[in-house]
Amino acid sequence: MQRNYEIVDRIERTRNLDRESLELLLTTEDGALREYLAAKARETAQRIYGNCVYIRGLIEFTNYCKNDCYYCGIRRSNGCAERYRLSEEEILNCCKNGYELGFRTFVLQGGEDGFYTDERICEMVSEIKRRYPDCAVTLSIGERERKSYEAFFKAGADRYLLRHETADEAHYKKLHPEEMSFQHRMQCLAELKEIGYQTGCGFMVGSPYQTFDTLYEDLQFIRELQPEMVGIGPFIPQKDTPFGKMQAGTMEQTLRLLSIIRLLHPSVLLPATTALGTIHPKGRELGILAGANVVMPNLSPVAVREKYKLYDNKICTGDEAAECRYCMERRMESIGYQVAVNRGDFKNN
Ligand code: 5AD
Ligand code: FES
């Protein structure tokens, strides 16, 4: 018993863990140990970020995608997905709405859509930064070449999210078709870091063929990359994809991994994701209590939300941005946290 508590203390002290400790922490049925892990992670987050939760306004601006990832509802082969693109004007309207609601970070997320050329993205980013110089702009638009990333950065983009999905090449091949390259994805992440973005990687918890070994690789990868952000959430099957009948990841595993990541990398910006809120009505609150410190309410126009369905049963698709914003505030206050009206940058620790 005592020994197991020491595992948690050792992660905190060494900012590392071994393969066996990971498996133990992910499989233990000792409720006191689970609570000890969550409490340590929560205290770590509070030491650095206080009882503030950062909010990011998520704008899902296109669901066209040239990729065909087996898990994702907006993969190009999914003929059931009704495709849409937001115009620059619509995107700027989302920002206006969001700014009035207290958002100081806008996350532009979309599939890998060739319609949005580097020029169009740069134009959009610089216009948002011109209108809202006190806001951060985060891009989450997949793999591009270094030149493009440099151009976006020059245009004013502050942060970039690109989940690595899995740090194990063989596992990566089971989640993606042949034409997608693990090497290129890893190269993109290295370049984003070099260019100077606050960079986010991440993975799904309980994705098909994930093992303790691949998860161990994911955690070691995070230790090496030292990303400013890490996005993790449960895998949730989407019925029109090749993985439509696979098992979903669990809330419990997601919470434990959130805590472990917080202890490995204390100052990381770590969202309690929409996917976590989808598999459990209190998922996001429990995520914060397990050491997460960011939430990302949706700012997309209600008319398109239903169409940005990476997975089934996604929450908040019928709610206006303002409803989500205040719902989130109430949810965070219910567990003793305040939503912060600021950019919510990474704090070096
Ligand atoms: N379940 C959970 N998360 C998913 N993502 C894509 N499809 C699913 C799914 N079925 C995640 C991927 C991607 C991010 C934008 O959403 O990790 O990087
Ligand atoms: Fe969207 Fe609660 S956060 S309705």
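Numbering of ligands and ligand atoms starts at 1, following listing order.
- Partner Glu228 forms a side-chain hydrogen bond (donor to acceptor under 3.5 Å, both in side chains) with one of Lys347, His265, Lys193 and no other, that one being Lys193.
- Here Met204 has side-chain heavy atoms under 4.0 Å from ligand 1, and that is the only part of it that gets that close.
- Counting heavy atoms under 4.0 Å from ligand 1, residue Ser140 does not touch it at all.
- Annotation: Tyr311 places no N or O atom under 3.5 Å from an N or O atom of ligand 1; distance criterion only.
- For the pair Lys66 and Asp113, the salt-bridge criterion is not met [side-chain N within less than 4.0 Å of a carboxylate O].
- In this structure, atom 10 (N) of ligand 1 lies nearest to the protein heavy atom Ile236 O, 2.7 Å.
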Going through the distances and angles, do Phe235 and Tyr71 end up as a ring pair (Phe, Tyr, Trp, His ring centres under 6.0 Å)? CA-CA 8 Å; Phe235 161 71; Tyr71 45 84; 7.4 Å; no

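- Not a single heavy atom of Gly249 sits closer than 4.0 Å to an atom of ligand 1.
- Looking at ligand 1, you won't find any N or O of Gln109 less than 3.5 Å from one of its N or O atoms.
- Of all protein heavy atoms, the one lying nearest to atom 16 (O) of ligand 1 is Leu310 CD1, 3.4 Å.
- For atom 11 (C) of ligand 1, the closest non-hydrogen atom on the protein side is Arg163 NH1, 3.6 Å.
- Between Glu169 and Arg185 no salt bridge is recorded (no basic side-chain N to carboxylate O distance below 4.0 Å).
- With sequence neighbours excluded, no residue forms a side chain to side chain donor-acceptor pair (under 3.5 Å) with Asn342.
- Atom 7 (N) of ligand 1 has its closest protein heavy atom at Tyr71 CD1, 3.4 Å.
- The pair Glu194-Arg146 meets the salt-bridge criterion, since a charged nitrogen lies less than 4.0 angstrom from a carboxylate oxygen.
- A salt bridge is absent between Asp240 and Arg75: the closest approach of a Lys/Arg side-chain nitrogen to an acidic carboxylate oxygen does not fall below 4.0 angstrom.
- Interface of Cys72 with ligand 1, defined as ligand atoms under 4.0 Å from a residue heavy atom, comprises 7 (N).
- Salt bridge absent: Lys129 and Glu123 never bring a charged side-chain N and a carboxylate O closer than 4.0 Å.
- Heavy atoms of Glu165 come nearer than 4.0 angstrom to ligand 1 in at least one pair.
- When the options Pro208, Ala275, Pro234, Gly233 are ranked by their closest heavy atom to atom 2 (C) of ligand 1, first place goes to Pro234.
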